[in-house]
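Input: a single structure, listed below in structure tokens.
Indexing begins at 1, ligand by ligand and atom by atom, following the structure's order.
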Amino acid sequence: MGAGPEPARRPPLALPRAVPGWGESVDEQWPDAATVVDHVGVPHLVVTRHALVRQVLTDPVTFRPDNALDAVTPLPVAALRVLAGHRFRLPPTLANNGGASHPEIRGIVADALHPHRVAAQRQWLTGLVRERVAALAAELDAGRPVDLYAGLAADLPLLVLARLVELPDAPVGAVKDFARAALELFWAPLDSARQLALAAEVGRFHTVLREFAATGGGLAARLRDAGHSPDVVVGALFFLLVAGQETTSQFLTLLLHRLAGEPAVRAGLRAGTVAVDDVVEEGLRLEPPIVTWRRVAAADTMLGELPVAAGTSVVAWLARAGRDPAVVGAPGEFRPGQPGSRRHLAFGAGPHRCVGAQLARMEAAVVVAEATALLDGVTVVRPPWCPDNLTFRMPDAFVVRRA
Ligand code: HEM
């Protein structure tokens, strides 16, 4: 088969090129931790080693999560006005909540995403993926190119989420546009004109969420009944709608692209000698959709041998931690089941560890099991393109055709 560009030859640790000093230095030579000044002159302590990343993530007293959703490009007054016009607020709820309310809010969300409830969606999802795969295979058979992002990965996670959590009645496309706008507004290097446009998009949907938060059932009602303010209910729904579907869409796309360049793994899946779950874990390790996650030092402290001043923004480089030779034998190679493969930090660690990990893994397992065969004998017409972003990969398309 003629797979497209060899994924292993792409820059494997795509940190944002628009942040001067980061992109160029993204290679084997990084120190365990290093201060990097970003595109607006703010210094961050970038932590690259698995043990140190873990230390940061599992100690929320010293390394607080308060800055998790801060805009990396400060919002200009005009964009803030647009957001304020939509009564946009992001109080501490989940990922950015180091306070006393976090365990309860997290518990309510975790109930909605309980492993039993996730497992109950598997059969339905398998049926849907089979239908999609059959339609895509027919297109490929007819000699036409197919976009596996648009045709498979983009909406599946949102459709599953909507079966688990009551969500506002909005078209899939509107939710996707809003979520991608939010990831760009808060995590990308931007100019002010773009910030204004994104603020309008994010603000519009925030209004929809605010109305739903006041009247919606399910999770929204449970948060209201537990006494949380409307701002908290909106904030929790906001994060869930972004984190709970866009991340997984991105991962499915990146993983399928990776598998297109891994014929031996596909052959192993076909023969039953490679386990689907091992492929998913190795995919999370090598192609995590979230490459970094931020914390802020609450006090003067030490990280390894390095003094860290209170207030320092700490960037935990999750993608790099997954390739730490201290943890995994063949860090750059896609070897499902290799020792250390599952020790990646793609879902974070500690009290804020991803609450949707089980759901994301189930979705990825179904897609790997049902859709990998589509990649046999294809050429990559258009590999995923990932824009500059501190944290999210955000691939836009993945087009293949039969060779
Ligand atoms: C492959 C897909 C996914 C990846 C790679 C991912 C990754 C992450 C990461 C890195 C964090 C921060 C962890 C930390 O601070 O230590 C996080 C938090 C979170 N994720 Fe995910 N996630 C994914 C899918 C999902 C899904 C499907 C949902 C829900 C439907 C979800 C809901 C959440 C929530 C609610 C939090 C905040 C947890 C807290 O602060 O207590 N994620 N995720």
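Listed by chain and number, the residues in a side chain to side chain donor-acceptor pair (under 3.5 Å) with E370 are R130 (sequence neighbours excluded).
Proximity of R295 to ligand 1, defined as any heavy-atom pair under 4.0 Å, is confined to the side chain (atoms from C-beta onward). The side chain of L161, and not its backbone, has at least one atom closer than 4.0 Å to an atom of ligand 1 (non-hydrogen atoms only; side chain from C-beta on). Neither the backbone nor the side chain of Q250 comes within 4.0 Å of ligand 1, counting heavy atoms alone. Residue-level proximity to ligand 1 for N97 is absent, since no heavy atom of it falls below 4.0 angstrom. Contact annotation for V165 and ligand 1: no heavy atom of the residue comes within less than 4.0 Å of the ligand.
Under the 30°/60° scheme for interplanar angles, the aromatic rings of H257 and F398 are found to stand perpendicular. Ring pair F205/F178 is parallel by interplanar angle, where below 30° counts as parallel and above 60° as perpendicular.
Between L286 and R323, some side-chain heavy-atom pair lies under the 4.5 Å cut-off.
Close approach of ligand 1 to L318 (heavy-atom distance below 4.0 Å) involves ligand atoms 10 (C). The atoms of ligand 1 that sit less than 4.0 Å from any heavy atom of L359 are 27 (C), 30 (C). Contact atoms of ligand 1 toward H102: 39 (C), 40 (O), 41 (O) (distance under 4.0 Å to a heavy atom of the residue). With ligand atoms numbered from 1 in the order given, ligand 1 contributes 12 (C), 15 (O) to contacts under 4.0 Å with heavy atoms of W293. The contact set between ligand 1 and A349, taken as ligand atoms under 4.0 Å from a residue heavy atom, comprises 16 (O).
The single protein non-hydrogen atom nearest to atom 37 (C) of ligand 1 is F239 CE2, 3.6 Å, given as residue, atom name and distance.
Distance alone, capped at 3.5 Å, places no donor-acceptor pair between the E363 side chain and the V160 backbone. Between the side chain of R204 and the main chain of H86, no donor-acceptor pair closer than 3.5 Å is present. Side-chain atoms of H50 never come within 3.5 Å of backbone atoms of H344 as a donor-acceptor pair (strictly under, hydrogens ignored). Listed for the T391 side chain is no donor-acceptor partner under 3.5 Å among the backbone atoms of W293. Looking at R224, its side chain does come within 3.5 Å of a backbone N or O of A213 through a donor-acceptor pair.
Residue contact annotation: P65 has no non-hydrogen atom under 4.0 Å from ligand 1.
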request  = Give the intermediate values and the outcome of side chain to side chain contact (heavy atoms under 4.5 Å, CB included) for residues D111 and R222.
outcome  = CA-CA 10 Å; D111 279 352; R222 281 205 62 196; 3.0 Å; yes
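Between F251 and ligand 1, no N or O atom pair is found at a separation short of 3.5 Å. Looking at ligand 1, you won't find any N or O of A346 less than 3.5 Å from one of its N or O atoms. The distance criterion of under 3.5 Å between nitrogen or oxygen atoms is not met by L57 with respect to ligand 1.
Across E246, R106, H352, Q245, heavy-atom proximity to atom 14 (C) of ligand 1 is greatest for H352.
By the 4.0 Å N-to-carboxylate-O rule, R382 lies close enough to D396 to be salt-bridged with it. Note on K176 versus D155: no salt bridge recorded, every NZ/NE/NH1/NH2 to OD/OE distance being 4.0 Å or above.
In this structure, L183 CG and R393 CZ are separated by 14.0 Å, a value rounded to the nearest 0.5 Å.
When R342, R335, R285 are each tested for a salt bridge (charged side-chain N to carboxylate O under 4.0 Å, His left out) with D278, only one passes: R342.
Around atom 21 (Fe) of ligand 1, protein N, O or S atoms at less than 2.8 Å number 1.
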